[in-house]
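This structure is a prediction, so every number in the text was calculated from the model and none was measured. Quick note: numbers below take in every heavy atom, side chains included, and nothing from hydrogens, waters or symmetry partners.
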Amino acid sequence: MTLKIRRIDCSREDAREVIAAGRNELSPRGNVVSPEGKARTAAVFGEPLSPEQVVHRICGDVASRGLAAVLDYTRKLDKVDLRPDQVRVSAAELEDAHRKADPDYLNTIARVRENVLAYQRAILNHDLAIEPQPGVKLGLRYLPLRRVGVCIPGGAAAYPSSLLMTVVPARAAGVSEIAVVVPPTKFGGYNPDLLAACHELGVTEVHRIGGAQAVAALAYGVEGVAAVDKIVGPGNLFVALAKKHVYGEVDIDSIAGPSEVVLIADDSADPRFVASDLISQAEHSPGASILLTWAPGLAEKVVSALETQLAHLSRGDLARDSLERFGALIQCRDESQAVELSNQFAPEHLHVSTADPQRLLPRLVNAGAVFLGHYTPVAVGDYAAGPSHVLPTSGTARWASGLSANDFLRRSSLISVDPTGLARLAPDVRRLADVEGLSAHRYSVDVRIEEPKP
């Protein structure tokens with residue numbers, strides 16, 4: 001079967017439009033839902049609602065009916081009938097999964113935890129204090145969030161890596177309460193590897209609920225699940241839209257779409273390496289994989305390598321579908337055009353597979369995470385390096401950043417002024433208060449400096 005991936009020559013005037021259209025389909029605005037998902041929606045709600053309408057219904061229902069609504073949607077959407085006492089994973093279940101887990105697997109979890117902790121603690125914001133002028137002391141104080149909810153996917157595969165990349169940064173920040181929600185599936189709340197990882201990381205609160213109903217439960221609080229201050233973690237379209245819906249009631253990390261990678265490659269890149277990186281994001285299915293190159297003949301070699309690798313990988317069919325629907329091999333005029341397009345895409349993952357990636361780095365300003373060099377596949381960031389793999393997608397890397405320990409901190413400014421300092425600041429405070437017509441603001445300064453006129 002010949003791979004039908006898009007080939008785009010940037011000499012075409014409509015190249016950007018073609019790429020943008022495919023990417024928009026993958027974003028939360030694109031409403032990419034499988035035929036099975038659409039059929040399930042119609043069966044549950046009695047009409048073909050849009051994903052936004054589905055999320056609005058679910059969140060509203062959970063807000064008004066609590067756990068009963070969560071269990072109803074778990075039964076209707078996940079096809080799992082849970083009693084209230086079966087929602088939370090018991091301590092005994094967590095301990096049992098940990099006891100039976102492969103020791104090598106647990107050692108891997110422990111090593112990666114230390115990698116993530118080392119990085120997240122190194123970048124953690126710290127309190128500061130300055131005295132910019134006599135009598136005026138200013139500061140910044142950081143305090144961890146009290147309670148955080150973490151969404152872990154569990155529909156098509158188990159994701160202990162997502163647990164590591166969300167829970168460990170929160171721990172590094174000092175969050176004391178972490179509630180994990182995961183679908184009631186064999187890859188989720190009933191997956192022994194995931195439960196063992198929870199126990200290894202010290203997570204004691206795990207709930208077998210997923211989808212929009214899990215996000216609503218964390219945001220509003222239901223019987224057995226206390227409301228949180230922030231919700232983080234990846235998920236499908238419905239999870240992303242539910243996080244958008246509850247934002248303002250709680251904080252969220254982002255409204256993320258499917259995974260994506262942009263590779264910038266020159267003639268020093270190994271086509272096999274490039275192909276493997278394109279496939280590694282496509283196998284998320286859906287996932288977007290885009291190659292930018294100005295090297296003559298590289299795209300043809302990459303296509304050949306893609307065909308070879310897809311034929312032997314267990315998720316090759318899923319990756320092939322994603323590559324054909326959302327992938328692209330783009331022939332650029334030169335490296336400057338490749339850099340320009342990359343910045344325009346603002347990808348979640350940017351892999352710079354060139355002879356001297358550091359030379360290009362200063363010009364590459366929009367990316368969630370940048371992977372430099374031929375031997376730095378995205379997978380090392382997904383699994384083991386240290387930075388979180390929860391990253392901005394769909395072009396939001398223009399203004400958004402990946403999840404880090406600092407996102408679990410809230411900051412308060414500190415201001416302390418003595419009489420000398422107040423006297424220095426008073427003229428400017430008075431003048432601005434007069435301009436704005438806020439006489440009580442002025443009076444609060446006057447009363448401390450001189451006998452004010454009533």
Less than 4.5 Å apart, any side-chain heavy atom of [X] and any of [Y]?
X	Y	result
Cys10	Ile330	yes
Pro184	Ile209	no
Leu403	Leu391	no
Thr41	Lys38	no
Pro160	Tyr105	yes
Leu71	Val87	yes
His349	Phe371	yes
Val148	Phe408	yes

Heavy atoms only: give me the nearest [X]-[Y] pair and the separation to one decimal.
X	Y	value
Val246	Cys59	CG1-SG, 4.3 Å
Ala405	Ala172	CB-CB, 4.1 Å
Ser289	Leu323	CB-CD2, 3.9 Å
Tyr383	Val112	O-CG1, 3.2 Å
Asp407	Lys230	O-NZ, 2.7 Å
Leu164	Val116	O-CG1, 4.4 Å

Spacing of [atom1] belonging to [X] relative to [atom2] belonging to [Y], to within rounding of 0.5 Å:
X	Y	atom1	atom2	result
Asn125	Leu140	CG	CG	8.0 Å
Leu409	His126	CG	NE2	9.5 Å
Ser353	Asp277	OG	CG	7.0 Å
Gln86	Asp81	CD	CG	8.0 Å
Leu372	Leu350	CG	CG	8.0 Å
Tyr190	Leu194	OH	CG	13.0 Å

Quick check against the 3.5 Å criterion: does [X] have a side-chain atom that pairs as donor or acceptor with the backbone of [Y]?
X	Y	answer
Ser394	Thr396	no
Arg171	Gly202	yes
Asn343	Val365	yes
Gln309	Arg272	yes
Ser342	Val339	no
Arg398	Gly395	yes
Arg147	Ala226	yes
Glu348	Glu260	yes
Thr308	Ser304	yes
Asp253	Val390	no

Side chains of [X] and [Y], donor plus acceptor under 3.5 Å:
X	Y	result
Tyr73	Asp61	yes
Ser162	His389	yes
Glu200	His98	yes
Ser322	His284	no

Do other residues, nucleotides or ligands put more than 12 heavy atoms under 6.0 Å from [X] [atom1]?
X	atom1	result
Phe45	CZ	yes
Arg411	CZ	no
Arg141	CZ	no

Is the shortest side-chain N to carboxylate O distance from [X] to [Y] below 4.0 Å?
X	Y	answer
Arg410	Asp251	no
Glu340	Arg333	no
Arg208	Glu93	yes
Glu335	Arg363	yes
Arg320	Asp317	no
Asp96	Lys100	yes
Glu47	Arg57	yes

**Q.** Steps toward side-chain contact (heavy atoms from CB on, under 4.5 Å) verdict (Ile58, Phe238)
**A.** CA-CA 10 Å; Ile58 292 175; Phe238 295 95; over 6 Å; no
Q.
Run the ring pair (Phe, Tyr, Trp, His ring centres under 6.0 Å) test on Phe273 and Tyr375 for me, step by step, so that the C-alpha distance in whole Å, both residues' side-chain angles and the decisive distance to 0.1 Å come before the verdict.
A. CA-CA 8 Å; Phe273 295 0; Tyr375 291 88; 5.5 Å; yes
Q: Determine, step by step, whether Tyr142 and Asn406 satisfy the side-chain hydrogen bond (donor to acceptor under 3.5 Å, both in side chains) criterion, reporting the C-alpha distance in whole Å, the side-chain angles of both residues, the deciding distance to 0.1 Å, and the verdict.
A: CA-CA 9 Å; Tyr142 290 94; Asn406 293 315; over 6 Å; no
(Q) I'd like to know whether Ser268 forms a side-chain hydrogen bond (donor to acceptor under 3.5 Å, both in side chains) with His374, so could you lay out the CA-CA distance, the side-chain angles of the two residues, the decisive distance to 0.1 Å, and finally the verdict. (A) CA-CA 9 Å; Ser268 71; His374 301 315; 3.0 Å; yes
**Q.** Derivation of the side-chain contact (heavy atoms from CB on, under 4.5 Å) call for Leu329 and Ile5
**A.** CA-CA 7 Å; Leu329 307 180; Ile5 189 170; 4.0 Å; yes
Q: For Val352 and Leu361, run side-chain contact (heavy atoms from CB on, under 4.5 Å): C-alpha distance rounded to whole Å, both residues' side-chain angles, the deciding distance at 0.1 Å, then the answer.
A: CA-CA 8 Å; Val352 187; Leu361 184 59; over 6 Å; no
Q: Please lay out, stage by stage, how Glu300 and Arg7 fare under the test salt bridge (charged side-chain N to carboxylate O under 4.0 Å, His left out).
A: CA-CA 10 Å; Glu300 287 74 17; Arg7 301 286 298 275; 2.7 Å; yes
**Q.** Option among Asp229, Leu218, Ile231 that satisfies the side chain to side chain contact (heavy atoms under 4.5 Å, CB included) test with Val250
**A.** Ile231
Q. Between Asp104 and Leu106, is a side-chain contact (heavy atoms from CB on, under 4.5 Å) present by the stated rule, with each step listed?
A. CA-CA 5 Å; Asp104 289 339; Leu106 294 179; over 6 Å; no
